[in-house]
Number of protein chains: 2
Amino acid sequence: MAGIREVAKACGVSVATVSRALNGRPEVNEETRRQVRLAAEILGYRPSVSARALVRGRSDAVGLLWDSAYETAGRRHPFLLSVLVGIKQALDAAGRHLILLNVEADRVGPRAYLETAAQFQLDGVLVMGVDSRRPALCAVLESELACVGFDVPISGPRATYVASDNRAGAMQAMRHLYGLGHRRIATITGPLSMMPAELRLAGYRDAAEELGLEHEYVYSGDFFLDSGYTCGARLAELPPEQRPTAVFVAGDEMALGAIHAFADAGLSVPQDIAVVGFDDIEAADLVRPALTTIQQDAHALGAAAVDTLLRLVDHDPATHTIGPVLTPTRLIVRQSCGGN
Amino acid sequence: MAGIREVAKACGVSVATVSRALNGRPEVNEETRRQVRLAAEILGYRPSVSARALVRGRSDAVGLLWDSAYETAGRRHPFLLSVLVGIKQALDAAGRHLILLNVEADRVGPRAYLETAAQFQLDGVLVMGVDSRRPALCAVLESELACVGFDVPISGPRATYVASDNRAGAMQAMRHLYGLGHRRIATITGPLSMMPAELRLAGYRDAAEELGLEHEYVYSGDFFLDSGYTCGARLAELPPEQRPTAVFVAGDEMALGAIHAFADAGLSVPQDIAVVGFDDIEAADLVRPALTTIQQDAHALGAAAVDTLLRLVDHDPATHTIGPVLTPTRLIVRQSCGGN
DNA sequence: GATCGTTCCGTAAACGTTTCCGGTGGTACT
DNA sequence: AGTACCACCGGAAACGTTTACGGAACGATC
């Protein structure tokens, strides 16, 4: 409630000095600074963010663009919220604020995000779960507004993205299965139009080559339970001597579907067939057998997104460019592969 | 980028008129208003939120207080994010913005939230997953700042809470089991210090009385998987003629634990024992048998929270008071109770 | 024809900061 | 002794809005 003027009066200095003292400017005597700090503390002074943003022309805030409809459909809630926690913590550490934006039908239009960002004088925006082909997002990418995508491959003068290292994660899974003795390993993919699905398949193939596996068994799903079941059922129909002894499923939800299919076909996991998933969703540890899977480090991902965004804010797009950053994944061994 | 002055110049009127026209004030000619609107549209004028907040002394924004540590531990991510979606949509409809706040160790102190709110000139705050006994939250409750809690029972001059109607939800579950012919029904509770756990137990008891059930079987858990397993195992040890034929578990995660225990004890669900959970977590529909449960309407909850907060903002605490609001729950019938 | 009320609009003062510009006093150098 | 520099600080002008106040034009009323 107390303004900068009260603090100035209390110390017998001008408001300019108070501002300088509190903002750590060098051109102020240390003794004076001490007194100002003290007075500010006592009076409980907190600078008005509006006033500050108004005069400085920037708000020290970043916006979070998300599409709630997409998220609901994509069922990626838990993971995204974990990422959000990581984002928020990194932002706190950097002294930035976070404003949630989702532009809906009413104020639609290709420049909607940009205008909102200008209105709030945002430093930049974080994008999660928004279709990268949406015109509103394209406009952001073409602009000078700093922007980092999350699991969505975007690029622009001041735009890039962060994601888990999906390819390496898939290879981790494959190596784990290989280490357990499996030589016929199948995969169930996500929709290949989505970057994570594509890269996980690429990782499967790279690993197959690296490990010298002879056959590929690729089943294509859509990340949802039912497609996992369908693919699992088809796989279970193969004659035992041809049937893969393990399957790397590109998403936990599909992995659970596949396990149901195996159970219905009289195959037991992990004895008859080993399963490793991807994502480490909550359910992975709630089902029996608990699912061995590849975990994404949500916290690191959030931190990386913030870090990248902040670097993007003040850099010159002309001189050097900032590329995508991939964060490592982790193998979580539970029961669905046996071997402990 | 275009300011109010450009618009004024373009129409040949003063900035005051532009402001009035755009804000729907009555004291402006409709013809003038039309022209101003047009010019603003063409120039792409968007008022600066900082400038507006500065002069009006309020920001049209609400803050979201959350404790990320708590959430991580509480594993309630998916539900909370769903609620968040509901909140955001309601806020959009009301033309308010949402700012995420989590005050951590560095800027700690009992008045931290209040100061932050003042700094941002927030209309009010929404609270989710913050321990209601935290001094920082207590200070908010005692203040004049509008505040609505989410699943945490708080009250103050301008504070109240919203929650699912946990008691009624528990009764729904019980009536469902009763309708399927069950007469010996047990319950596994959450930690009774938490409001939802307490009310679900109350609903169990109310229903038992209403339905004329003779015995109570109360097992106390802590909302986590393992406690569900433990309680389930104890329950399974009872001699068959005394053993309840159904159990209402106050949380889905515990319900899954109980089901594992039943399986390990050779009891099959739903034939030997029926199970109904609470929460409708994601895993509920991913396990087999899929879990019959009580669903909370996250969207309605979010909307109710916003609605309540906005009513709280401009009301006189002296004249009338605004109480807690409970939103209805819904029974989701899957497989764990049989009967379809 | 003076008075009054209405409708509409412009002038200017806020709001709480940051920062440019200039000024003062002191020290070091020529 | 004059000049130059430096460290420190104050005055005041921004930043882009909203709104209190006053005034002009006009019709209606006495």
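Letters A, B, ... are given to chains in the order of the sequence lines, protein chains preceding strands, and every chain is numbered from 1.
- In this structure, B:L22 atom CG and D:dT17 atom P are separated by 10 Å, rounded to whole Å.
- Side-chain atoms of A:Q121 and A:S59 form no donor-acceptor pair, as typed in the model, at a separation below 3.5 Å.
- Whole-Å rounding puts the A:R5 CZ to D:dA12 P distance at 13 Å.
- With contacts defined as side-chain heavy-atom distances shorter than 4.5 Å, the pair A:L22/A:Y45 qualifies.
- B:R33 pairs with exactly one of B:Q35, B:E30, B:E31 by the side chain to side chain donor-acceptor pair (under 3.5 Å) rule, that one being B:E30.
- Proximity note for B:R52 (side chain, C-beta onward) versus D:dT17, C:dG16, D:dT19: the nearest is D:dT17.
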Checklist outcome for this item: Protein heavy-atom contacts under 4.0 Å, written 5' to 3' over nucleotides 8-14 of chain C as B (base), S (sugar-phosphate only) or - (none), form the string SBBB--B
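- The minimum heavy-atom distance between A:V325 and A:A304, with the atom names listed, is CG2-CB, 4.0 Å.
- Of the possible donor and acceptor atoms, one in the side chain of B:R158 sits under 3.5 Å from a partner among the backbone N and O of B:H315.
- The CZ-P distance, from B:R56 to D:dC15, rounds to 22 Å in whole Å.
- Nucleic acid contact for A:S48: sugar-phosphate only, since backbone atoms but no base atoms lie under 4.0 Å from a heavy atom of the residue.
- In this structure, A:L54 atom CG and D:dG16 atom P are separated by 7 Å, rounded to whole Å.
- At whole-Å resolution of the value, CZ in A:F120 and P in D:dT17 are 14 Å apart.
- Side-chain contact annotation: A:Y113 with A:R134, donor-acceptor N/O pair under 3.5 Å present.
- The distance from atom CZ of A:R46 to atom P of C:dT17 is 12 Å, rounded to the nearest whole Å.
- For the pair B:Q121 and A:R25, nearest-nucleotide mapping onto DNA chain C gives the more 5' position to B:Q121.
- Nucleotide C:dT17 holds its P atom 5 Å from the CD1 atom of A:I4, rounded to whole Å.
- Inter-axis angle, ends of the helix from C:dG1-D:dC30 to C:dT30-D:dA1, five pairs per end, rounded to 10 degrees: 60°.
- Under the 3.5 Å distance criterion, the side-chain polar atoms of A:T32 are left unmatched by any main-chain donor or acceptor of A:V28.
- Here B:D92 does not pair with B:R96 in a salt bridge; the nearest charged N to carboxylate O distance is not below 4.0 Å.
- Spacing between atom NZ of B:K9 and atom C1' of D:dG16 amounts to 14 Å, rounded to whole angstrom units.
- With hydrogens and angles disregarded, a donor-acceptor distance shorter than 3.5 Å links the side chain of B:E6 to the backbone of B:G3.
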